[in-house]
Amino acid sequence: MASSKEYLEFILGQLSELEEITYRAMMGEFIIYYRGKIVGGIYDDRLLVKPVKAAISYMPTAPYELPYEGAKQMLLVDEVDNKNFLAGLFNAMYEELPAPKSKKKK
């Protein structure tokens with residue numbers, strides 16, 4: 001099941017306090033970037049984030065879920081209605097997220 005554009009717009013609105021939030025559509029889902037780094041994505045109208053230590057401490061009871069078959073487990077963000085919570089989560093995670101891979105020139 002693909003994610004809806006409406007849910008994407010809702011999540012982007014909830015993240016509007018943060019600068020440099022971007023997304024990329026990929027196979028019916030959406031990858032979410034914060035200041036150039038992949039934080040997570042929207043899969044089946046669920047916000048999932050990478051399970052870095054900061055995210056695990058910020059949401060100690062968050063369940064692990066698969067974004068899609070064959071993928072690594074990610075953390076489900078339940079508190080999508082709380083803008084301050086989401087901003088705090090993304091800021092806490094930022095330093096631990098891997099730097100974007102450089103694209104090889106042809």
Side-chain angles (χ1 to χ4, degrees):
M1 177 182 117
S3 293
S4 68
K5 193 81 169 169
E6 292 77 23
Y7 191 75
L8 170 68
E9 295 299 330
F10 168 72
I11 295 297
L12 292 176
Q14 293 300 90
L15 295 169
S16 62
E17 305 294 314
L18 298 171
E19 293 181 16
E20 295 184 62
I21 291 287
T22 56
Y23 71 92
R24 196 167 97 207
M26 188 170 290
M27 298 184 295
E29 309 297 354
F30 302 98
I31 308 298
I32 305 291
Y33 295 83
Y34 177 42
R35 296 176 9 200
K37 294 181 178 182
I38 297 174
V39 179
I42 297 172
Y43 304 91
D44 298 330
D45 287 342
R46 301 169 298 161
L47 177 60
L48 302 176
V49 295
K50 291 185 170 217
V52 294
K53 286 180 187 171
I56 294 166
S57 341
Y58 206 84
M59 306 183 302
T61 60
Y64 285 84
E65 295 200 4
L66 289 175
Y68 52 89
E69 196 63 43
K72 292 181 182 171
Q73 288 188 327
M74 298 175 79
L75 291 172
L76 175 66
V77 181
D78 273 333
E79 291 192 50
V80 293
D81 292 328
N82 185 337
K83 278 185 166 190
N84 291 331
F85 177 85
L86 288 177
L89 172 63
F90 276 43
N91 282 320
M93 291 176 66
Y94 182 77
E95 290 302 318
E96 287 183 56
L97 295 170
K101 293 180 178 145
S102 58
K103 295 194 168 79
K104 293 183 176 153
K105 294 182 180 172
K106 293 181 182 178

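Remember, it's a predicted structure, so these values are computed and weren't measured experimentally. Keep in mind that the numbers below use all heavy atoms, side chains included, and drop hydrogens, waters and symmetry copies.
No continuous path of ILVMFWY side-chain contacts below 4.5 Å connects Ile38 to Phe30, so the two sit in separate hydrophobic clusters. With hydrophobic clusters built from ILVMFWY side chains whose heavy atoms lie under 4.5 angstrom apart, Tyr43 does not share a cluster with Leu15.
Partners of Arg35 under the side-chain hydrogen bond (donor to acceptor under 3.5 Å, both in side chains) rule, at least two apart in sequence or in another chain, do not exist in this structure. Residues passing the side-chain hydrogen bond (donor to acceptor under 3.5 Å, both in side chains) test with Tyr23, sequence neighbours excluded: Lys5. Shown here are the side chain to side chain contact (heavy atoms under 4.5 Å, CB included) partners of Met27, two or more places apart in sequence or in another chain: there are none.
Applying the side-chain hydrogen bond (donor to acceptor under 3.5 Å, both in side chains) definition to pairs two or more places apart or across chains, those involving residues 89-99 are Tyr34-Asn91.
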Please table the atom pairs, donor to acceptor, closer than 3.5 Å between any side-chain atom in residues 50-74 and protein atoms at least two apart or in another chain.
{"residue": "Ser57", "atom": "OG", "partner": "Lys53", "partner atom": "O", "Å": "2.7"}
{"residue": "Glu65", "atom": "OE1", "partner": "Arg46", "partner atom": "NH1", "Å": "2.4"}

Side-chain donor-acceptor contacts of residues 76-90 below 3.5 Å, not counting sequence neighbours, with atom names and distances?
{"residue": "Asn82", "atom": "OD1", "partner": "Asn84", "partner atom": "N", "Å": "3.1"}
{"residue": "Asn82", "atom": "OD1", "partner": "Phe85", "partner atom": "N", "Å": "3.0"}
{"residue": "Lys83", "atom": "NZ", "partner": "Ser16", "partner atom": "OG", "Å": "3.3"}

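Between Gly36 and Pro100 the shortest heavy-atom distance is O-CG, 3.2 Å. Residues Ile42 and Tyr7 share a closest heavy-atom pair of CG2-CD2, 3.5 Å.
Separation of atoms OH (Tyr33) and CG (Leu97) is listed at 12.0 Å; rounding is to 0.5 Å.
Dense packing is recorded around CD of Glu9, with more than 12 heavy atoms of other residues, nucleotides or ligands lying under 6.0 Å away.
Put simply, the side chain of Ile32 reaches to within 4.5 Å of the side chain of Leu8, judged on heavy atoms.
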